[in-house]
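These notes are about the structure you will find just below.
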Amino acid sequence: MTTVPVPEYEVKEKITLKARETAVIVVDMQNDFVKPQGKLYVPTAEETIEPIRKLLGKARAHGVKIFYTQDTHYDGDPEFEIWGEHVKHGTWGWQIIDELKPQDGDIVIVKTRYDGFYGTPLDDLLKVYGIKNTVIVGTVANICVLHTAASAALRWYKVVVPMDGVSALTEFDYHATLRQISWLYKGVVVKSVDGIEFTS
Ligand code: ZN
């Protein structure tokens, strides 16, 4: 094993975002990834449920648009060769966890790859609603969260990621994700969802 130090990346305590120009994107918080009985369980994902719930509460109180991505595969999907069968359409594992159930007015984006923008209407919808900032939370940090964050940044959306809102399988993956979001995509890493404020 090679050990390398994590390069410094900036972590902000607080950020204030205009509610009307901001969307929260909850990535793949589905039973297969979050629950111990799930097919691709990420043990630390459960710790992010409460922070994400808090963030969604604040967002809803300010009329911030909320998006969910729902990773979705059908029989014979080539991703099964990489990861085994997971989030098969219509199964329990495919469903978004009860604790974070989408509510009326939320938008669920069904996606078939890591990137929430790839082959989906996400970009169009963000544009329709005049969104400039995306607050991205969910799992898995270095896979679907990072691909979605990167894709948002390439389209010039500002990306904000609270550290307690994302989870990974290893500490390396976790920090590599945050460093990449901060350093390469010029996003904002915030210490906690408590540091994210919305204004009118
Ligand atoms: Zn998948």
Side-chain angles (χ1 to χ4, degrees), residues 23-49 51-53 55-56 66-103 106-126 134-155 157 159-181 184-185 187:
V24 173
I25 303 175
V26 181
V27 175
D28 295 6
M29 289 297 281
Q30 295 160 263
N31 289 320
D32 266 349
F33 300 120
V34 182
K35 298 291 171 175
Q37 316 92 284
K39 296 211 161 142
L40 269 183
Y41 179 47
V42 181
T44 54
E46 277 171 299
E47 292 163 27
T48 66
I49 297 174
I52 294 174
R53 215 185 49 78
L55 174 70
L56 291 177
I66 295 165
F67 290 81
Y68 290 78
T69 66
Q70 187 172 25
D71 198 32
T72 301
H73 302 297
Y74 305 91
D75 275 335
D77 192 303
E79 249 195 42
F80 292 166
E81 277 164 40
I82 308 170
W83 302 105
E85 198 180 289
H86 65 286
V87 296
K88 219 171 120 179
H89 183 265
T91 61
W92 168 82
W94 172 70
Q95 275 153 22
I96 292 166
I97 59 168
D98 281 342
E99 296 92 323
L100 301 175
K101 257 221 174 341
Q103 297 184 8
D106 296 348
I107 298 175
V108 178
I109 301 287
V110 167
K111 69 173 181 64
T112 54
R113 298 249 55 205
Y114 311 142
D115 175 359
F117 288 83
Y118 180 80
T120 77
L122 182 55
D123 188 37
D124 283 342
L125 288 167
L126 292 173
T134 57
V135 179
I136 303 179
V137 291
T139 205
V140 181
N142 60 313
I143 310 175
C144 293
V145 172
L146 183 57
H147 274 86
T148 301
S151 222
L154 291 178
R155 291 168 170 82
Y157 295 103
V159 172
V160 177
V161 175
M163 292 179 82
D164 54 355
V166 294
S167 49
L169 287 164
T170 70
E171 250 189 293
F172 172 85
D173 295 340
Y174 177 77
H175 288 293
T177 301
L178 297 174
R179 202 262 177 176
Q180 201 74 340
I181 284 167
L184 180 58
Y185 300 119

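As a basis for the values below, the full set of heavy atoms in this structure was taken, side chains included, without hydrogen atoms, waters or symmetry mates. Fair warning: this is a prediction, and the values are worked out from it, not measured in the lab. One-based numbering, in listed order, for ligands and for the atoms of each.
Aromatic ring orientation, His86 versus Phe80: perpendicular (interplanar angle above 60°, classes split at 30° and 60°).
Rounded to 10°, the angle that NE2 of His73 and OD2 of Asp71 form at the Zn ion (ligand 1) is 100°. Here the Zn ion (ligand 1) is the vertex; the NE2 atom in His86 and the OE1 atom in Glu79 give an angle of 90° (to 10°).
Electrostatic pairing of Arg53 and Glu99 does not count as a salt bridge here, judged by no charged N lying under 4.0 Å from a carboxylate O.
Of the possible polar contacts, none joining the Thr120 side chain to the Lys111 backbone as a donor-acceptor pair under 3.5 Å is found.
Between Lys88 and the choices Asp75, Asp71, Asp32, the salt bridge (charged side-chain N to carboxylate O under 4.0 Å, His left out) rule is met once, by Asp75.
Metal site remark for the Zn ion (ligand 1): Asp77 contributes no N, O or S atom at a distance under 2.8 Å.
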